[in-house]
Amino acid sequence: MSALVIDYKELATISSHANDLAKKAEAYADSLTRKITNKFDSVAGGVNGTLSSAKYYVNAKINELQAKKQHMKILQRE
């Protein structure tokens with residue numbers, strides 16, 4: 001017969017790391033928004049095809065980071 005041993009200290013450490021990763025993902029997404037995405041709208045002459053493509057990929061990265069943040073928050077709660 002097997003025994004299951006739960007190390008609550010280790011679980012707390014994992015939860016703390018998940019919280020830290022969520023905060024870092026959020027900070028990076030905010031940084032991308034502030035430093036890059038917002039500047040696309042202030043380009044003289046508007047957003048052309050190349051800038052539109054770049055803006056799309058930056059927004060995709062921001063969405064990916066926000067999804068990772070949500071996953072880390074879920075991991076932290078469980």
Side-chain angles (χ1 to χ4, degrees):
M1 178 167 248
S2 301
L4 176 65
V5 178
I6 299 174
D7 184 350
Y8 288 100
K9 183 177 179 182
E10 190 65 29
L11 289 175
T13 300
I14 291 169
S15 176
S16 177
H17 285 298
N19 187 42
D20 291 343
L21 288 173
K23 287 179 183 178
K24 287 179 182 180
E26 182 177 27
Y28 186 49
D30 290 345
S31 174
L32 287 174
T33 300
R34 191 175 57 257
K35 293 180 179 178
I36 298 174
T37 305
N38 291 343
K39 295 193 184 207
F40 283 126
D41 298 327
S42 65
V43 172
V47 177
N48 62 20
T50 304
L51 287 179
S52 178
S53 179
K55 185 175 182 179
Y56 169 81
Y57 286 108
V58 171
N59 283 328
K61 182 64 175 183
I62 290 169
N63 291 335
E64 180 184 320
L65 289 166
Q66 290 171 343
K68 285 183 180 182
K69 179 187 88 169
Q70 290 303 321
H71 289 251
M72 290 297 122
K73 289 287 186 182
I74 291 169
L75 178 62
Q76 178 194 7
R77 287 191 299 252
E78 293 182 357

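The side-chain hydrogen bond (donor to acceptor under 3.5 Å, both in side chains) check on N19 picks up K73, with sequence neighbours excluded. Residues passing the side-chain contact (heavy atoms from CB on, under 4.5 Å) test with Y56, sequence neighbours excluded: none. In this structure N48 satisfies the side-chain contact (heavy atoms from CB on, under 4.5 Å) test together with T50, L51, sequence neighbours excluded. Shown here are the side-chain contact (heavy atoms from CB on, under 4.5 Å) partners of N59, two or more places apart in sequence or in another chain: T37, K55, I62.
Within the structure, salt bridge (Lys or Arg N to Asp or Glu O under 4.0 Å) pairs that include any residue of residues 5-25 do not occur (at least two apart or interchain).
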Identify all side-chain donor-acceptor contacts of residues 65-72 below 3.5 Å with residues at least two apart in sequence or on another chain.
none

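Residue F40 places its CZ atom among more than 12 non-hydrogen atoms of other residues, nucleotides or ligands, all under 6.0 Å distant.
Judged by distance alone, the side chain of T33 and the main-chain N or O of A29 form a donor-acceptor pair under 3.5 Å.
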